[in-house]
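Each chain gets a letter, A, B and so on, in the order its sequence line appears, and its residues count up from 1.
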Amino acid sequence: MNFLSPMLLLGLLAVAIPPILHLIQRRKPKHVRFPAIELIRRSQRKTAHRFRAKQLLLLLLRCAFLALLALALARPIIREKEAQLVETQDVLSNTVWVLDASYPMAYRLEGESLFEKGQRLVEDAMARHKGLGALILAGTDGPDMGLTEHFEEAQLALRQAKTGYRTDDLPMAVARAYSLLSSGTSGSKRVVVFSYPAHLAQLPPPPDASIECIPVDVSDGQPLENTAIVDVSLTPASDVGEGFWRIEGRVARFADTPIENWPIHLECEGEVLARGFLSLKPGEMATKTFYARFDQHQAASAALVLGEDALPLDDRRMFLVQAEPTLRVLAVDGEPSPTPHRDELFYVEQALSRDALQGIQLSLERMDELAFAEANLNDFDVVILANVAGLNRATAQNLESFLRKGGGLLITAGSRATPKLWNAQLGAFLPRMVRDVRRAGDAAASLTGGDRKVAHIGRFLLGHPMLAPFANPSQSSLSEAKVKRYLLLDPNAETEGDVVMQLEDGAPLLLTRPLGEGQVALLTTSIDRDWGDLPIRPDFLPLLQQMMRVLTRVSAISQPTVSVGQPVDLAVALPQVERVRVTSPSGRLSVVEAPWRFEVTDELGAYKVEPEPILEAVSLPGFAVAVDGYAGDLRGKSAKSSDQAQNGSAAFLGDSPVELWHAALIGLFFLLLMESGVLAGRLKPSMKKNERV
Amino acid sequence: MKTELLSSEIINKIARLDIKTSCFVDGSLAGIHRNRHRGESIEFAQHREYAPGDEIRRIDWKAYARNDRYCVKEFEDETNLRAWLCLDQSGSMGYSGEGRPSKMRYAAQLCAALCWLLLDQGDAVGIQCFDERPRTFLAPCAQKAHLWNIIEVLENLQPKGSTSVTAALSQIAERFSGRGLIVLLSDCLDFKGQFTSMARILRKQRQRMVVIQVLDPDELTFPFQELCLFESMENEGEIEADPRGMKQQYLLEMKRFCDDLRLELEDGGVDFAQVQTDWPIEQSLLALFGGRR
């Protein structure tokens, strides 16, 4: 039973009015001096019991009247299907009982979980049923049984069943129930689904009109209030201090009431690191941020924990704290200078400073061309050739090998770049051949009033990963950059790759080209201020950082936790790793190969990922699995259910509520009649007051 | 002397009434009541054989002529009445309903009217007030001026204490042995069994007794509606009761009590009448003694 206006149930307090009035009246008897006191005493002795009983009956009737009036005003309703279910328990029919075993069914209401109540209801229905029947447990790996007249096996499975972690199995289970009933059975067919309102609103309609779907809300329409952690993000917070991380937990309030100062804490390996409080309005989602320092070089399992409520599973969200991926950059300075701002790599060093690159640990090493010839490129992820004159053959071959194994290369132009030498020595990995060095400005520019000596960036390749930080690159400060000199490239190149940025005259400014597993980028102007002012534009920093990320395929830790049942794309970018071993929280081992997708995420907790076989100095990021916090919204969505009702068959329409206030009013009428009867009996003597003895 | 107890209006209304006893009475003055002694009146009673000492003139010679025996004529003698008015002045007699005199006041008015009537027809009247024991006493006297003595006593009565009617009657029985009339005015709510035995003793002394029960209409109709704390007027405690629930039972109990009292008194040869304080005095007197002059 539910109420359409539950606030009016406060009217039940009016039940206290008759007793209060009675007590008030009792305290003030009228004082009368009377001669025939003995006769009064004798009369009272004979009538006191009867009169007291009558008074008590009258009091009860009036209290019941007020209570029933309050109930009628609160408009009690009962679900028609629930009523039908009760009425048709004993009817001979083919019935499939579908019990939702998803994790929200663990919601505890009045001392028992929704699942336990569902178990009770299904067992009761089975005990009364006389026809064919079957049981389907949605959300767990229960036995798949056909229609039968003997329910012993089903009852045993029902008693042993527990809630699972998956939340999306109910529609499939109901579809399976439909198919069971469709296969050649005769007589009435009924699928009874026991779940909570949010899930019941997503049931598929029956395939034909002969099958009736009866959703049963095991919560009896009571409000299912829940607070859940729906997401946790983890980023290094070097601005706070060395080794600090920023943990942002998104917490949602799935209820019509607010919460005030709800406790939340961060724990790592069982130790509480920080505590806090949250206040949420109804339906609100808020972010709670913690800063904490973990062991920098070892993976640790941590969790964000909310104060426990009726559904504890989504009050705890585990995540893995892992060492930052290290981006090792080798920058070759083609034009070093003792004056810092005149150095070719001055702006590169500023842009790739440690604090600027969030989520990635950076090590930048710079050297000149001579030293580069002897460098071991396996120690680096990205090589920047900044205004180098050329490379000898051995170095070029070494660099090509590095690129083909997955390394990244950024080539920038400058005063030392000579087309002929570059084509000869760097041609194997240049995106396009270089034709000439060109000064900006022409007659067209002077005609339109523009600066005849500079060129601006005119086109951007929208959607390219290198431009991901910019929502609209043409409105960024990049479009204001002035380029005075740039390399003119061969227009007829047939190599793969993209032109990420072009100047107004169509000349490419930034190009990319895949090479083996690696990636090459070419900036046709200088990376210092010799050929333009691009490096001093504010958006140069995110551009260069993003270029480093794209060139090495190293990304920040962005998804430390996935939901149960979701596949995980493992971050295995190392060329030397051919297979990985995934260890589940219970110790189950799985081997995964390229394309590095792990799908068996059916346990809650931290999963460890290691190379197979184990390689020294190679650590791979693991992941954690938690329940889908958004499924913690158990409330029914009335609009959705009514839409489904319209689309479904007539049998599916039976979930309409039946109002009971009419019955309450009839009860009120009978109470009034009874009160009148009692009063008439009491008033009878006083009506004869004129009669004398 | 003027009094509220006996106004001229009341006297005018009751002047045409007279009181006669239904039995012989002893008196020293000639009156309207029959005396058991044969006397000189004109009403023939019987013939009696002559005996020495009888006056010769009283011999009925006509009877001697018929019977040849000396017979003496005897006539009924008429004498005056000696009446006692016993008035209950206990606390319960102080009750007065809304707009009505108290039972005490009404009984006093009734007494005064009776006195006037009796004295007017030459009878002797005395008064005995009582509560739990006998109080004011005035010996019977046939002088008309005695009325004012009695009225003075009645004016000064204050209802108090409990009731013991037997003590008052015992005192009357001790002081007065001849025949007469005893009129008892009370609400009779506290009459116990001894009263009946006392009434029998007085009956043997040839005393004619009349009991007048004076009640307020409230005692007969019980008009209370709300919860009341009833307090006794004769120190019998108090009781909290809801009249709505017990009214019917109370009326039943009152009716039963009055019927039992009437039967008991009639068995004891006592005349009984019930009057209410909202009745006019002459109506009450008519109910009591009836008859016209």
Side-chain angles (χ1 to χ4, degrees), chain A residues 16-63 65 672 674-693, chain B residues 88 90-97 102-104 159 162-163 186-190 192 214-259 274 276 278:
Chain A
I17 292 175
I20 289 172
L21 285 178
H22 174 73
L23 290 175
I24 289 173
Q25 282 183 340
R26 271 188 67 82
R27 288 197 194 104
K28 297 175 182 174
K30 186 180 173 186
H31 191 266
V32 177
R33 284 170 58 80
F34 197 72
I37 198 83
E38 182 57 32
L39 294 181
I40 292 177
R41 194 168 283 146
R42 218 181 292 168
S43 307
Q44 201 193 25
R45 248 195 317 266
K46 291 180 180 172
T47 59
H49 292 299
R50 199 175 53 198
F51 181 68
R52 220 171 277 165
K54 199 179 277 186
Q55 288 288 88
L56 188 64
L57 177 64
L58 208 57
L59 183 72
L60 290 176
L61 282 175
R62 286 170 181 169
C63 290
F65 178 85
L672 276 176
M674 289 171 70
E675 195 204 21
S676 303
V678 174
L679 278 178
R682 202 179 68 175
L683 291 175
K684 208 170 175 182
S686 62
M687 289 166 69
K688 300 175 181 172
K689 65 181 178 183
N690 291 327
E691 290 183 20
R692 300 251 166 100
V693 177
Chain B
D88 181 2
S90 65
S92 62
M93 291 294 283
Y95 183 80
S96 61
S102 69
K103 293 193 287 183
M104 177 87 248
S162 56
T163 313
S186 171
D187 54 10
C188 305
L189 293 175
D190 300 299
K192 305 291 189 303
V214 182
L215 291 176
D216 189 273
D218 286 355
E219 293 172 280
L220 295 171
T221 57
F222 206 61
F224 309 103
Q225 288 294 325
E226 53 193 307
L227 183 72
C228 293
L229 180 66
F230 292 103
E231 185 191 355
S232 168
M233 302 179 81
E234 296 187 6
N235 302 323
E236 292 172 333
E238 55 189 24
I239 182 169
E240 188 179 300
D242 193 330
R244 293 169 298 178
M246 51 170 286
K247 179 173 181 175
Q248 202 172 14
Q249 184 65 31
Y250 171 86
L251 297 178
L252 199 66
E253 291 288 338
M254 175 57 91
K255 184 176 186 312
R256 189 177 298 155
F257 171 77
C258 293
D259 290 347
Q274 187 185 74
Q276 295 178 31
D278 59 343

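Taking CZ of A:Arg45 as the reference point, atom CD of B:Gln249 lies at 11.0 Å (rounded to 0.5 Å). Within the model, atoms CD of A:Gln44 and CD of B:Glu253 stand 12.5 Å from one another, a figure rounded to the nearest 0.5 Å. Note that the CD atom of B:Glu219 and the CD1 atom of A:Ile40 stand 9.5 Å from one another [nearest 0.5 Å]. The distance from atom NZ of B:Lys247 to atom OG of A:Ser43, rounded to the nearest 0.5 Å, is 12.5 Å. The distance from the CZ atom of A:Arg33 to the OG atom of B:Ser92 is 10.5 Å, given to the nearest 0.5 Å. Atom CG of B:Asp242 sits about 11.5 Å away from atom NZ of A:Lys54, to the nearest 0.5 Å.
The greatest number of non-hydrogen atom pairs below 4.5 Å with chain A, out of B:Gly94, B:Ala241, B:Ser90, is found for B:Ala241.
A:His31 and B:Glu238 make their closest contact through NE2-OE1, 4.5 Å (heavy atoms, listed as atom of the first residue, atom of the second, distance). Contact record, A:Leu39 with B:Met254: CD1-CE, 3.5 Å, taken as the closest heavy-atom pair. Closest non-hydrogen pair, B:Leu229 versus A:Pro29, comes out as N-CB, 4.1 Å.
Legend: residues meeting ring-ring contact (aromatic ring centres under 6.0 Å, His included) with A:Phe34, ordered by chain and number and at least two apart, are B:Tyr95, B:Phe222, B:Phe224, B:Phe230.
If you measure heavy-atom distances from B:Glu234 to chain A, you find no contacts under 4.5 Å at all.
Crowding of A:His49 atom NE2: a count of heavy atoms from other residues, nucleotides or ligands under 6.0 Å not exceeding 12.
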